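Working notes, beginning with the structure itself.
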Protein chains: 2
Amino acid sequence: MATTPTPAAPNDLLKLENQLCFPFYAVSRQLTKAYQPYLQVLGLTYPQYLVFLLLWEHEQLTVKELGKQLLLDSGTLTPLLKRMEQKQWLSRSRDPRDERSVIIALRPAGRALESQACDIPNQILAKMNLTPPELDTLRAQLHHMLTQLT
Amino acid sequence: MATTPTPAAPNDLLKLENQLCFPFYAVSRQLTKAYQPYLQVLGLTYPQYLVFLLLWEHEQLTVKELGKQLLLDSGTLTPLLKRMEQKQWLSRSRDPRDERSVIIALRPAGRALESQACDIPNQILAKMNLTPPELDTLRAQLHHMLTQLT
DNA sequence: CAATGTTTGATTGTGCACAATCATTTTTGT
DNA sequence: ACAAAAATGATTGTGCACAATCAAACATTG
């Protein structure tokens with residue numbers, strides 16, 4: 001006999017359901033969609049919301065630092081930040097001490113959004129029905145994967 | 001006294017590092033980047049690769065079915081599939097029995113890519129240093145989240 | 001059968017995401 | 001001081017991703 005038990009036949013490796021990558025791709029997009037109704041009333045997109053998370057904490061950051069934290073390059077950030085500048089949420093200005101750097105600084109209209117956003121994380125978390133221990137292991141594994149991939 | 005232990009001060013909820021959403025967003029993009037060098041030699045993008053995973057398994061699917069599996073709408077799929085059609089990887093044709101449906105069928109050039117792609121999943125998995133039990137719980141949690149979010 | 005509603009893709013417009021390239025500024029080595 | 005190298009953003013071009021709208025084909029109901 002010697003039929004292999006469940007050896008993952010060569011083709012099975014290429015089935016969508018057996019991929020680890022696809023659930024990440026799908027969950028990431030569905031999560032963004034879950035935020036959308038909350039962010040829409042504030043007039044901002046999900047990547048813009050991530051920029052705000054950093055600015056609400058640090059008040060001021062260079063494009064370089066934003067890119068390092070968010071793992072985004074200037075080709076993504078520059079137009080995104082220009083749109084946020086147009087809405088008076090932040091200012092873009094060169095660092096006088098190093099004219100290569102562009103400093104992104106929170107403006108009052110951007111600061112004002114913080115209090116309207118502070119309930120969003122819990123609203124989203126509630127939708128996922130994760131127990132605290134599940135959430136902990138999930139956080140740990142995501143962090144581990146991110147370090148492996150960067 | 002009565003200082004709360006680590007009550008997650010209101011502001012902490014809005015710190016990037018405390019978000020669950022960001023790791024998903026970041027891991028998803030970094031995973032796509034990890035695939036990129038392997039997919040580039042085949043001339044395809046990550047979403048196109050996902051379409052192929054389904055076509056290699058099913059040979060023929062409607063746009064509707066592709067969208068249901070991948071959680072993508074026609075605004076994303078139609079131009080993507082047209083690019084894949086131009087490369088002779090697949091054909092797009094109306095179903096004679098229901099003219100609303102468009103049938104996507106694998107063509108020889110698309111079938112030929114399968115054997116060149118079958119090692120990719122393991123190459124990526126190897127980069128992540130996950131133990132089999134870690135991988136199992138991760139799969140389970142991702143699946144759980146996806147059902148919660150859809 | 002005719003009117004109504006539903007299903008299915010296509011189209012349009014906006015906003016990322018990223019590779020590749022370029023220009024400017026700063027730093028470093030001599 | 002000066003040339004070479006590195007750092008930092010901006011720009012350009014391609015390809016998703018998705019909301020909103022539209023059009024055609026099918027199904028349903030009276």
Side-chain angles (χ1 to χ4, degrees), chain A residues 21-22 24-37 39-41 43-52 61-68 70-87 92-104 149-150, chain B residues 21-22 24-37 39-41 43-52 61-68 70-87 92-104 149-150:
Chain A
C21 57
F22 175 67
F24 275 105
Y25 169 77
V27 167
S28 176
R29 285 186 297 110
Q30 298 305 307
L31 262 178
T32 301
K33 280 190 196 173
Y35 276 87
Q36 211 269 342
L39 297 180
Q40 189 177 30
V41 302
L44 47 87
T45 66
Y46 181 71
Q48 290 170 5
Y49 168 73
L50 295 180
V51 168
F52 266 132
L61 289 164
T62 63
V63 174
K64 164 84 171 170
E65 288 164 337
L66 281 171
K68 186 177 176 183
L70 300 176
L71 305 179
L72 292 171
D73 71 3
S74 70
T76 301
L77 286 174
T78 296
L80 184 154
L81 293 169
K82 283 183 176 175
R83 283 187 285 270
M84 295 178 78
E85 182 188 30
Q86 283 189 340
K87 297 196 174 187
R92 296 166 64 250
S93 57
R94 296 275 170 186
D95 184 343
R97 294 172 305 175
D98 185 342
E99 292 280 345
R100 293 170 304 179
S101 298
V102 170
I103 297 176
I104 305 301
L149 288 171
T150 52
Chain B
C21 59
F22 175 67
F24 276 104
Y25 169 76
V27 166
S28 176
R29 286 186 296 111
Q30 298 305 306
L31 261 178
T32 301
K33 280 189 196 174
Y35 276 87
Q36 211 270 341
L39 297 180
Q40 188 176 31
V41 303
L44 47 87
T45 67
Y46 180 71
Q48 289 170 5
Y49 169 72
L50 295 180
V51 168
F52 267 132
L61 289 165
T62 63
V63 173
K64 165 83 170 172
E65 288 164 336
L66 281 170
K68 186 179 176 184
L70 300 175
L71 305 179
L72 293 171
D73 72 2
S74 70
T76 302
L77 285 175
T78 295
L80 184 156
L81 293 170
K82 283 183 177 176
R83 283 186 285 272
M84 296 178 77
E85 182 188 29
Q86 284 189 339
K87 297 196 174 188
R92 296 166 65 250
S93 57
R94 296 278 170 183
D95 184 342
R97 293 171 306 174
D98 185 341
E99 290 282 345
R100 291 171 304 180
S101 299
V102 169
I103 297 176
I104 305 301
L149 289 170
T150 50

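In this text, all values refer to a predicted model and were calculated from it rather than measured experimentally. Side chains are part of it too, since the values below use all heavy atoms of this structure and drop only hydrogens, waters and symmetry mates. Each chain gets a letter, A, B and so on, in the order its sequence line appears, and its residues count up from 1.
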> For the pair made of CG in B:L81 and P in C:dT8, what is the distance, rounded to whole Å?
Replying inline: 16 Å

> Residues two or more places apart in sequence or in another chain: which of them pass side-chain hydrogen bond (donor to acceptor under 3.5 Å, both in side chains) with A:E65?
Replying inline: A:T62

> To the nearest 0.5 Å, how far apart are CG in B:L44 and OH in B:Y49?
Replying inline: 9.0 Å

> When you measure from the side chain of A:K87 to the backbone N and O of A:G43, does any donor-acceptor pair fall under 3.5 Å?
Replying inline: yes

> What string of B, S and - do you get for nucleotides 1-6 of chain C 5' to 3' if you count protein non-hydrogen atoms under 4.0 Å?
Replying inline: ------

> Which class fits the ring pair B:Y25 and A:Y46: parallel under 30°, tilted 30 to 60°, perpendicular over 60°?
Replying inline: perpendicular

> Below 4.5 Å, heavy atoms only, C-beta onward: do B:Q48 and B:T45 meet side chain to side chain?
Replying inline: yes

>> Tell me the interatomic distance from B:E65, atom CD, to C:dG9, atom P, rounded to whole angstroms.
In response: 8 Å

Identify each donor-acceptor pair in which a side-chain atom of residues 94-103 of chain B lies under 3.5 Å from a protein atom, sequence neighbours left out, and give them as a table.
{"residue": "B:R94", "atom": "NH1", "partner": "B:E99", "partner atom": "O", "Å": "3.2"}
{"residue": "B:R94", "atom": "NH1", "partner": "B:R100", "partner atom": "O", "Å": "3.1"}
{"residue": "B:D95", "atom": "OD1", "partner": "B:R97", "partner atom": "N", "Å": "2.8"}
{"residue": "B:D98", "atom": "OD1", "partner": "B:R100", "partner atom": "N", "Å": "3.0"}
{"residue": "B:D98", "atom": "OD1", "partner": "B:R100", "partner atom": "NE", "Å": "3.0"}
{"residue": "B:D98", "atom": "OD2", "partner": "B:R100", "partner atom": "NH2", "Å": "2.8"}

>> So, taking the atom named CG in B:L66 and the one named OG1 in B:T76, what distance separates them when rounded to the nearest 0.5 Å?
In response: 12.5 Å

> For nucleotides 14-22 of chain D, read 5' to 3', which letter fits each nucleotide if B means a protein heavy atom sits under 4.0 Å from the base, S means only the sugar-phosphate is that close, and - means neither?
Replying inline: -SSBBB---

> Given axes from five pairs at either end, by how many degrees does the helix from C:dC1-D:dG30 to C:dT30-D:dA1 bend, rounded to 10°?
Replying inline: 20°

> Roughly how many Å is it from CG in A:L77 to P in D:dT8, rounded to a whole number?
Replying inline: 14 Å

> To the nearest angstrom, how far is A:K68 atom NZ from D:dA7 atom P?
Replying inline: 13 Å

> For B:R94 and C:dG9, is the shortest distance between a side-chain N/O and OP1 or OP2 below 4.0 Å?
Replying inline: no

> Closer to the 5' end of DNA chain C via nearest nucleotide, is it B:I103 or A:P96?
Replying inline: B:I103

>> If you assign B:E99 and A:T62 each to the DNA chain D nucleotide with the nearest heavy atom, which residue ends up on the more 5' nucleotide?
In response: A:T62

> If you round to the nearest 0.5 Å, how far is CG of A:L80 from OG of A:S74?
Replying inline: 12.0 Å

>> Please report the distance, rounded to the nearest Å, between CG in A:D95 and P in D:dT8.
In response: 11 Å

> Roughly how far, to the nearest 0.5 Å, is the CZ atom of B:F22 from the CG atom of A:L71?
Replying inline: 5.0 Å

>> Working to the nearest 0.5 angstrom, can you tell me the gap between B:F24 CZ and B:L31 CG?
In response: 11.5 Å

>> Between C1' on C:dT27 and CG on A:D98, what's the gap in Å once rounded to a whole number?
In response: 10 Å

>> Using the side-chain hydrogen bond (donor to acceptor under 3.5 Å, both in side chains) criterion, which residues pair with B:Q36? Sequence neighbours excluded.
In response: none

> Any side-chain N or O of B:T78 less than 4.0 Å from the OP1 or OP2 oxygen of C:dA10?
Replying inline: yes

